[in-house]
Amino acid sequence: MYSAADHEHMARALRLAELGLYSTTPNPRVACVIVKAGVVVGEGWHRRAGEPHAEIHALRAAGNAARGATAYVTLEPCSHHGRTPPCAEALIAAGISRVVAAMEDPNPQVAGRGLALLAAAGITAECGLLEAHARELNIGFVSRMTRGRPWLRMKLAASLDGKSALENGVSQWITGSPARLDGHRWRARACAILTGSGTVRGDDPQLNVRDVDTARQPLKVVVDSRLELPLTARVLDGGELLVACASVDARRSAALRERGAQILCLPGNEGRVDLPALLAELARRGVNEVHVEGGFKLNGALLAAGLVDELLLYLAPCLIGDAARGLFDLPALESLQDKRRLLINDVRMVGADLRILARLAKS
């Protein structure tokens, strides 16, 4: 169905779309390449929400050469009026004769309507070329649109014997600086960074992106059931911060709000924060990807609630010992049949450390 040239041009579009990895949230990462008689006459990628979409940039670059050309788009052109006019209408007006989309837009406001609008205008509209790549690029956006919650990626650092911290809680630093820099790149692509109040008290993290070229800082989210966050914590020093609690203490809430924090009360069972409700609220706020850097208690709670989609695990070439803390606070298993299975998608060295990217297998 698709030619080698089709694959080449869509691959180019996907590489361009990756340029928006750190900037497009809450929008998806999208690019467009316009080709006429085998020659690229225009291309563009979406930079940030509120600015022109990829198709508009590519059409402006192509000018009159767009008439009779083929547009390769990594996501179905939008058909609704949002912050910007519909891209499908712009492609029609420009005289594009064929549109090849990598995948349908999972947004219910589009979901095939853009392709249908193009077809109704007499344009050849095709979909599905390099779809898996396009879906991976926007896995958080797809998750928010189809499941009503963000894609949750949990970053972990451990010794080879699976220990994340000493018995006294000290964890800085198990891995080397190349692994920590790599972790900041993953932070940069996320819409929110999530941790627990125990990690804030123990490590006093800034919870921001450093040493990575990005103009956007993710939302900082702290799970703090009893509002025990120290008012001197560095996480309060600038940037948008959301503190999720299980009960509201008027004095503590006022003090945190004075430091710029937003307080969100989501009571769950046993005095804990309702974690599924928290993710649903983050989705409502346009969060596509959540990057978790918490302690073993929060890690265990998220895993037990079935909210973890992916593990970003760095293993350092060292041993810490049995008394040290593990990665997850979970009840003991009575049978190996109950073990949580993972699908390993990528393994590579980052400096002296081993990085494993794995997903929770569907039962």
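We're numbering straight along the sequence, starting at 1. What you see is a predicted model, and the numbers here were worked out from it, not measured in a lab.
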(message) Pair L278, L194 - check side chain to side chain contact (heavy atoms under 4.5 Å, CB included), show working.
(response) CA-CA 11 Å; L278 174 59; L194 174 67; 4.2 Å; yes

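- For the salt bridge (charged side-chain N to carboxylate O under 4.0 Å, His left out) test, residues two or more places apart in sequence or in another chain that qualify with D237 are R259.
- Residues satisfying the salt bridge (charged side-chain N to carboxylate O under 4.0 Å, His left out) test with E136, not counting sequence neighbours, are R359.
- Side-chain contact between M10 and V33 is absent, with no heavy-atom pair separated by less than 4.5 Å.
- For the ring-ring contact (aromatic ring centres under 6.0 Å, His included) condition, the pairs that include at least one residue of residues 24-49, sequence neighbours left out, are H46-H53.
- With N138 contributing its side chain and F141 its backbone, the two residues share no donor-acceptor pair below 3.5 Å.
- To the nearest 0.5 Å, the span separating CZ on R98 from OG1 on T124 amounts to 7.5 Å.
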(request) Take E126 and Y2 through the test side chain to side chain contact (heavy atoms under 4.5 Å, CB included) and record every step on the way to the result. (result) CA-CA 10 Å; E126 303 169 30; Y2 296 112; 3.2 Å; yes

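- More than 12 heavy atoms of other residues, nucleotides or ligands shown are found within 6.0 angstrom of CG on D338.
- Side-chain atoms of V235 and N208, non-hydrogen and from C-beta on, never get closer than 4.5 Å to each other.
- Taking CG from L227 and CZ from R252, the interatomic distance works out to 7.0 Å, rounded to the nearest 0.5 Å.
- Salt bridge status for R12 with E8: absent, with no side-chain N to carboxylate O gap under 4.0 Å.
- With hydrophobic clusters built from ILVMFWY side chains whose heavy atoms lie under 4.5 angstrom apart, V223 shares a cluster with L330.
- Here A66 pairs with L59, A62, A94, I96 under the side-chain contact (heavy atoms from CB on, under 4.5 Å) rule; sequence neighbours left out.
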(message) Could you go through L152 and L302, starting from their C-alpha distance and side-chain angles, then the distance that decides it, and tell me whether this counts as side chain to side chain contact (heavy atoms under 4.5 Å, CB included)?
(response) CA-CA 9 Å; L152 192 144; L302 288 166; 4.2 Å; yes

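- What you find for I92 and A121 is that their closest heavy atoms are CD1-CB, 3.7 Å.
- Here the side chain of S23 pairs a donor or acceptor atom with the backbone of R47 at under 3.5 angstrom.
- The side chain to side chain donor-acceptor pair (under 3.5 Å) test applied to R257 returns no partner, not counting sequence neighbours.
- Note that the CG atom of L242 and the CD atom of E281 stand 7.5 Å from one another [nearest 0.5 Å].
- The main-chain N or O of D105 is found under 3.5 Å from a side-chain atom of E76 such that the two form a donor-acceptor pair.
- Between the T199 side chain and the T195 main chain, no donor and acceptor come within less than 3.5 Å of each other.
- With sequence neighbours excluded, the residues forming a side-chain contact (heavy atoms from CB on, under 4.5 Å) with A11 are R15, L130, listed by chain and number.
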(request) For side-chain hydrogen bond (donor to acceptor under 3.5 Å, both in side chains), just list the numbers for Q217 and E240, CA-CA rounded to whole Å, side-chain angles, deciding distance to a tenth of an Å, and then say yes or no. (result) CA-CA 8 Å; Q217 287 289 340; E240 189 178 3; over 6 Å; no

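- V243 is connected to I193 through a chain of hydrophobic side-chain contacts under 4.5 Å among Ile, Leu, Val, Met, Phe, Trp and Tyr, so both are in one cluster.
- Here the straight-line distance linking atom OG1 of T25 with atom CG of L219 works out to 10.0 Å at 0.5 Å rounding.
- Side-chain contact between L360 and L342 is present, with at least one heavy-atom pair separated by less than 4.5 Å.
- Between K155 atom NZ and L313 atom CG the span is 10.0 Å, to the nearest 0.5 Å.
- Annotation: side chain to side chain donor-acceptor pair (under 3.5 Å) contacts of R147 (sequence neighbours excluded): S143, D309.
- Looking only at distances, no side-chain donor or acceptor of S225 sits under 3.5 Å from a matching main-chain atom of C245.
- With contacts defined as side-chain heavy-atom distances shorter than 4.5 Å, the pair P108/M145 qualifies.
- Distance alone, capped at 3.5 Å, places no donor-acceptor pair between the S253 side chain and the V248 backbone.
- Residue pairs meeting the salt bridge (Lys or Arg N to Asp or Glu O under 4.0 Å) criterion with at least one member in residues 215-227, sequence neighbours excluded, are R226-E228.
- How far OG of S97 is from CD1 of I123: 8.0 Å, rounded to the nearest 0.5 Å.
- Linking Ile, Leu, Val, Met, Phe, Trp and Tyr whenever their side-chain heavy atoms come within less than 4.5 Å puts L282 and L307 in one cluster.
- Residues C318 and S159 come closest through the heavy atom pair O-CB, 3.3 Å.
- By the 4.0 Å N-to-carboxylate-O rule, R234 lies too far from D203 to be salt-bridged with it.
- Residues L231 and L256 have side chains in contact (heavy-atom distance under 4.5 Å, counting atoms from C-beta outward).
- Closest of all the heavy-atom pairs between V30 and T74 is CA-OG1, 3.3 Å.
- Hydrophobic clustering (ILVMFWY, side-chain heavy atoms < 4.5 Å, transitive): F296 and V292 are in distinct clusters.
- At a threshold of 4.5 Å between side-chain heavy atoms, the hydrophobic network of Ile, Leu, Val, Met, Phe, Trp and Tyr places L117 and V100 in two separate groups.
- Side-chain atoms of L241 and V222, non-hydrogen and from C-beta on, do get closer than 4.5 Å to each other.
- Side-chain contact between L75 and P106 is present, with heavy atoms from C-beta onward closer than 4.5 Å.
- With a 4.5 Å cut-off on side-chain heavy atoms, L129 and H7 count as touching.
- Looking at residues two or more places apart in sequence or on another chain, you find a side-chain contact (heavy atoms from CB on, under 4.5 Å) between V347 and I344, L354, I356.
- Between the side chain of K36 and the backbone N or O of R67, at least one donor-acceptor pair lies under 3.5 Å.
- Of all the heavy atoms in G42 and A61, the pair that sits closest is CA-CB, 3.9 Å.
- Residues passing the side-chain contact (heavy atoms from CB on, under 4.5 Å) test with R355 are D182, W186, L312, Y314, D346, R348, V350, sequence neighbours excluded.
- Closest non-hydrogen pair, A88 versus P77, comes out as N-CB, 3.9 Å.
- Residues D353 and G176 come closest through the heavy atom pair OD2-N, 2.8 Å.
- Among residue pairs with one or both ends in residues 288-303, those qualifying as side chain to side chain donor-acceptor pair (under 3.5 Å) are R29-E289, R144-N288, R153-E289, R187-E293, R189-E289, H291-E293; sequence neighbours excluded.
- Residues that satisfy the salt bridge (charged side-chain N to carboxylate O under 4.0 Å, His left out) test with R210, not counting sequence neighbours, are absent from this structure.
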